[in-house]
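Let me give you the structure first, and then I'll get to my questions.
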Amino acid sequence: MYTNGSFKNPFTDFDFSKFAGDFKFPVVNVESIVESNRKTFAAITTASSSAVESLKTIAQRQGDMVRTALEDLSKHGSEVLAAATVEEKAAKQIDFAKKSYDAALANARELGDLYAKGQTEAFGVINERITELADEVKAAIAKK
């Protein structure tokens, strides 16, 4: 380091190209990485669009269900008020409760089916992309 009492930088004579030439750096195919990420982004976009459409359908259907229930309730109120006897009013109330319960169960089933369908479609796209990505990684590893 010290020659004739003066400091000499040990790296001034260092040949980095000779040192680096001994290493085998892996070749990275940037185009395949970009294309793979493009496909992944497209799959995420498709899944998101599918989920949003599914939620729109569910919200619209829920609105229809509430509207129908309110119309039925209004109609039922008029019928109960028009009934002549207490027994007749009670019978109408019981019928309405049974009908409302059946409708609520049917609506819940329908909404559950809509949620399941929406999830299946959205996650189907993601699952397909994950499978493709696994195949792409296997192929890239096999090339080496």
Side-chain angles (χ1 to χ4, degrees), residues 1-2 7-144:
M1 271 201 198
Y2 289 96
F7 176 75
K8 181 181 178 199
N9 187 344
F11 298 106
T12 54
D13 297 330
F14 184 74
D15 186 6
F16 184 75
S17 62
K18 182 180 176 188
F19 176 75
D22 293 339
F23 288 107
K24 303 272 185 207
F25 292 109
V27 177
V28 177
N29 186 348
V30 176
E31 288 180 22
S32 68
I33 292 172
V34 169
E35 179 61 20
S36 177
N37 286 332
R38 188 198 62 74
K39 288 178 182 177
T40 301
F41 185 74
I44 291 170
T45 302
T46 302
S48 296
S49 297
S50 176
V52 167
E53 288 301 317
S54 174
L55 290 176
K56 280 177 162 178
T57 301
I58 290 168
Q60 186 174 13
R61 188 63 191 117
Q62 283 180 320
D64 293 342
M65 290 174 182
V66 168
R67 187 178 327 104
T68 300
L70 291 176
E71 288 171 0
D72 289 348
L73 180 63
S74 176
K75 182 180 171 187
H76 170 70
S78 299
E79 290 175 0
V80 169
L81 289 176
T85 64
V86 173
E87 291 80 16
E88 191 178 335
K89 288 181 182 185
K92 288 188 181 288
Q93 296 262 358
I94 292 170
D95 288 342
F96 181 73
K98 182 179 182 319
K99 181 182 165 190
S100 297
Y101 178 74
D102 291 341
L105 285 180
N107 289 342
R109 250 185 244 115
E110 182 181 344
L111 290 175
D113 291 344
L114 288 173
Y115 276 111
K117 180 182 174 193
Q119 271 189 330
T120 300
E121 290 175 2
F123 283 110
V125 172
I126 298 295
N127 286 339
E128 185 178 319
R129 179 60 195 138
I130 288 172
T131 302
E132 287 176 8
L133 187 59
D135 292 342
E136 290 171 8
V137 170
K138 282 180 190 175
I141 291 172
K143 284 182 181 178
K144 290 184 178 183

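The figures here come from the full heavy-atom set of this structure, side chains too, leaving out hydrogens, waters and symmetry mates.
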So, for Leu114 and Ile58, which heavy atoms are closest and what is the spacing to 0.1 Å?
CB-CG1, 3.7 Å
Got a second to check how far Thr57's OG1 is from Tyr115's OH, nearest 0.5 Å?
11.5 Å
Answer yes or no: is there a donor N or O on one side and an acceptor on the other, between the side chain of Thr40 and the main chain of Ser36, under 3.5 Å?
yes
Between Val80 and Glu88, is a side chain to side chain contact (heavy atoms under 4.5 Å, CB included) present by the stated rule, with each step listed?
CA-CA 8 Å; Val80 169; Glu88 191 178 335; over 6 Å; no
State, to 0.1 Å, how close Asp72 and Phe96 come at their nearest heavy-atom pair, and which atoms those are.
O-CE1, 3.7 Å
Lys75 vs Glu79 side-chain heavy atoms within contact, under 4.5 Å
yes
Set out, in order, the CA-CA distance, both residues' side-chain angles and the distance that settles side chain to side chain contact (heavy atoms under 4.5 Å, CB included) for Tyr101 and Leu105, then state yes or no.
CA-CA 6 Å; Tyr101 178 74; Leu105 285 180; 3.4 Å; yes
Nearest heavy-atom neighbours spanning Ala43 and Ile126
O-CD1, 4.1 Å
Is there side-chain contact between Lys56 and Glu53, with at least one heavy-atom pair below 4.5 Å?
yes
Are Glu110 and Arg61 ion-paired here, with the side-chain N under 4.0 Å from a carboxylate O?
yes
Report the distance from atom CD of Glu128 to atom NZ of Lys39, rounding to the nearest 0.5 Å.
11.0 Å
Donor-acceptor pair, distance only, cut-off 3.5 Å: does the side chain of Ser74 make one with the backbone of Leu70?
no
What pair of heavy atoms forms the shortest contact from Arg129 to Glu136, and how long is it?
NH1-OE2, 3.0 Å
Starting at CD of Glu35, measure out to CG of Asn37 and round the result to the nearest 0.5 Å.
9.5 Å
Salt-bridge test for Asp64 and Arg67: reply yes if a basic N is under 4.0 Å from a carboxylate O, no otherwise.
yes
Could you report the tightest heavy-atom contact between Ser50 and Ala122, atom names first, then the distance?
OG-N, 3.9 Å
Charged N to carboxylate O under 4.0 angstrom, Lys99 versus Asp95?
no
Distance check, rounded to the nearest 0.5 Å: Ser54 atom OG versus Glu121 atom CD?
7.0 Å
